[in-house]
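What follows is a single structure, written as structure tokens, with notes after it.
The figures that follow rest on heavy atoms only: side chains count, while hydrogens, waters and symmetry mates do not. Letters go in sequence order (proteins before strands), and every chain restarts at 1.
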There are 2 protein chains.
Amino acid sequence: METVATEPAAEERPGLRERKKQRTHDALLRAALELFTTQGYEATTVDEIAEAVDVSQRTFFRYFAGKEEAALAILEITQEQYLAAVRARPAHEAPLEALRNAVLEGWDAIGEAVAEVVPVELYLRAYGMIESTPALLAAHLRRSDEVAREIERIVAEREGLDVDTDPRPRVTVAVFGGVMRVTERRWALGGDLSMESMRALTAAHLDAVRPSLAEKWRTD
Amino acid sequence: METVATEPAAEERPGLRERKKQRTHDALLRAALELFTTQGYEATTVDEIAEAVDVSQRTFFRYFAGKEEAALAILEITQEQYLAAVRARPAHEAPLEALRNAVLEGWDAIGEAVAEVVPVELYLRAYGMIESTPALLAAHLRRSDEVAREIERIVAEREGLDVDTDPRPRVTVAVFGGVMRVTERRWALGGDLSMESMRALTAAHLDAVRPSLAEKWRTD
DNA sequence: TGTCAACTGTCAGTGGCTGTCATTAGCCTC
DNA sequence: GAGGCTAATGACAGCCACTGACAGTTGACA
């Protein structure tokens with residue numbers, strides 16, 4: 001039960017202070033990504049970013065834990081969106097099937113969620129930058145590892161298993177995560193940075209898992 | 001043709017200068033790991049390490065590109081040793097089989113190679129520290145990702161394939177790498193830090209790959 | 001409108017890391 | 001075995017990411 005028309009709901013107007021904060025945050029994020037993707041991550045100082053938004057350096061650090069976090073903030077949206085997609089899969093799907101479908105069907109929602117904060121084009125450029133900046137790639141891989149832990153829990157719960165007893169939830173997620181990493185790398189560094197090519201690559205790589213486990217590859 | 005007894009060969013005596021360098025390097029490495037594992041990585045400053053070996057901070061940075069590299073140097077030995085083991089696998093083995101055997105049979109050689117530089121006990125402690133220090137884990141995962149790239153090439157060459165055309169080499173390595181990551185995490189954070197438990201965990205997890213891909217997990 | 005709390009700027013300081021230059025110490029030749 | 005060459009080191013200055021502390025400013029709310 002919520003009020004609908006007459007009052008746009010108290011939650012819709014977060015107050016001037018809150019809106020201002022949001023604006024500063026988004027401005028810093030956009031400025032950071034813009035600078036990172038044009039001059040390079042290492043070559044960009046925090047002072048530059050702060051100056052571009054006309055705030056003090058200290059304020060930047062009040063919005064982001066560090067330079068790194070600003071560069072990866074956009075990926076957090078992606079990851080949370082994906083986690084939600086996995087949780088939403090129907091219970092009858094097999095674990096790997098659920099993970100696969102969550103990716104394939106989730107990309108549109110991910111695109112929309114991203115677009116609310118920064119232009120999609122900037123997001124795609126940022127992805128390429130992360131992949132080719134050692135410090136950022138490292139941080140990204142660690143975050144992905146943490147996401148994997150969460151997915152392990154979700155899968156185990158779906159199947160009513162204990163993660164520490166049955167190796168299958170962890171192994172399943174590991175296999176899936178490994179394949180997604182390959183997909184991601186190829187996508188980010190390849191020429192076609194579209195959602196469509198992402199879907200195609202994902203499907204192709206996941207379909208290649210069984211053949212890869214085969215004894216003899218030559219018998220085609 | 002080399003002189004044997006009377007002269008211990010010219011290559012065996014790298015000269016005083018070289019030996020001194022080696023000693024400084026090893027001393028810095030040991031001091032760093034000792035401090036990292038006792039006080040924690042973040043809580044240890046480079047000055048402390050340098051002081052413990054009685055050299056200037058500047059000298060530390062001449063031996064290691066950064067604090068991080070000192071903490072991970074020991075893993076580099078492991079990784080190179082593993083790459084050598086993979087390359088040495090007979091050609092008749094299937095890709096995944098070769099990767100598996102290289103791990104299972106390679107651990108002894110890895111242990112020996114490590115022991116030449118630091119006590120094995122220190123190595124094991126360091127492994128646990130890396131796993132539980134975000135900055136180090138991130139760097140470690142990135143290095144592992146690079147090693148994976150190299151293994152992809154090796155697998156592709158073994159099978160006479162092109163990495164960019166056939167997805168199987170990359171997918172195989174991704175699956176294997178994912179499973180090894182799970183194994184590594186469980187080993188480093190578990191109670192039993194022995195080569196034997198590593199072998200057992202590796203085998204168990206690799207054996208769990210096929211069952212994990214199954215449609216229904218309940219039909220046991 | 002005045003009080004409170006949140007947001008911000010300024011300043012000082014720490015630690016990782018780099019460039020530069022003078023000094024030291026193996027190495028090699030005559 | 002004295003002297004020149006060069007690699008290794010130390011000392012110093014400086015950049016940048018990041019943090020704590022304190023004071024000033026500005027929404028929020030009675």
Which nucleotide in [options] has an atom nearest any side-chain atom of [X]:
X: B:V55; options: D:dG20, D:dG10, C:dT18; result: D:dG10
X: A:T59; options: C:dC17, C:dT8, C:dT10; result: C:dT8
X: B:F61; options: D:dA17, C:dG16, D:dT9; result: C:dG16
X: B:Q57; options: C:dT8, C:dC17, D:dG10; result: C:dC17
X: B:R62; options: D:dA11, C:dG9, D:dC16; result: D:dA11
X: A:T45; options: C:dC11, D:dC16, D:dG10; result: D:dC16
X: A:R17; options: C:dG16, D:dG10, D:dG27; result: D:dG27

Short side-chain donor-acceptor distance under 3.5 Å, B:S194 and B:D192 | yes
Base, sugar-phosphate alone, or nothing: which one does B:F64 contact when heavy atoms must sit under 4.0 Å apart?
-> nothing
Tell me whether the side-chain N/O atoms of [X] come closer than 4.0 Å to OP1 or OP2 in [N].
X: A:K20; N: D:dG27; value: yes
X: B:Y63; N: D:dA8; value: no
X: A:S56; N: C:dT10; value: no
X: A:K21; N: C:dC7; value: yes

Euclidean distance, atom [atom1] of residue [X] to atom [atom2] of [N] [Å, nearest integer]:
X: B:E51; N: C:dG16; atom1: CD; atom2: P; result: 13 Å
X: B:R23; N: C:dA25; atom1: CZ; atom2: P; result: 14 Å
X: A:Y41; N: D:dA17; atom1: OH; atom2: P; result: 8 Å
X: A:E18; N: D:dC29; atom1: CD; atom2: P; result: 11 Å
X: B:K67; N: D:dA17; atom1: NZ; atom2: P; result: 17 Å
X: B:I49; N: C:dG15; atom1: CD1; atom2: P; result: 13 Å
X: B:E48; N: C:dG16; atom1: CD; atom2: C1'; result: 14 Å
X: A:E69; N: D:dT19; atom1: CD; atom2: P; result: 11 Å

With no hydrogens and no angle check, is any side-chain donor or acceptor of [X] less than 3.5 Å from a backbone partner on [Y]?
X: B:T133; Y: B:I130; result: no
X: A:R199; Y: A:V103; result: no
X: B:R143; Y: A:A138; result: no

Below 30° counts as parallel, above 60° as perpendicular, anything between as tilted: where do the rings of [X] and [Y] land?
X: A:H25; Y: A:Y63; answer: tilted
X: A:F64; Y: A:F60; answer: tilted
X: B:W187; Y: B:W107; answer: tilted

B:I110: which of B:Q81, B:E80, B:Q79 passes side-chain contact (heavy atoms from CB on, under 4.5 Å) = B:Q81
B:R58 (side chain) and C:dG19 (base): donor-acceptor pair under 3.5 Å | yes
Among residues 126-145 of chain B, which residues get a heavy atom nearer than 4.0 Å to DNA chain D?
-> none
Position toward the 5' end of DNA chain C (nearest nucleotide), B:G66 or A:T24 = A:T24
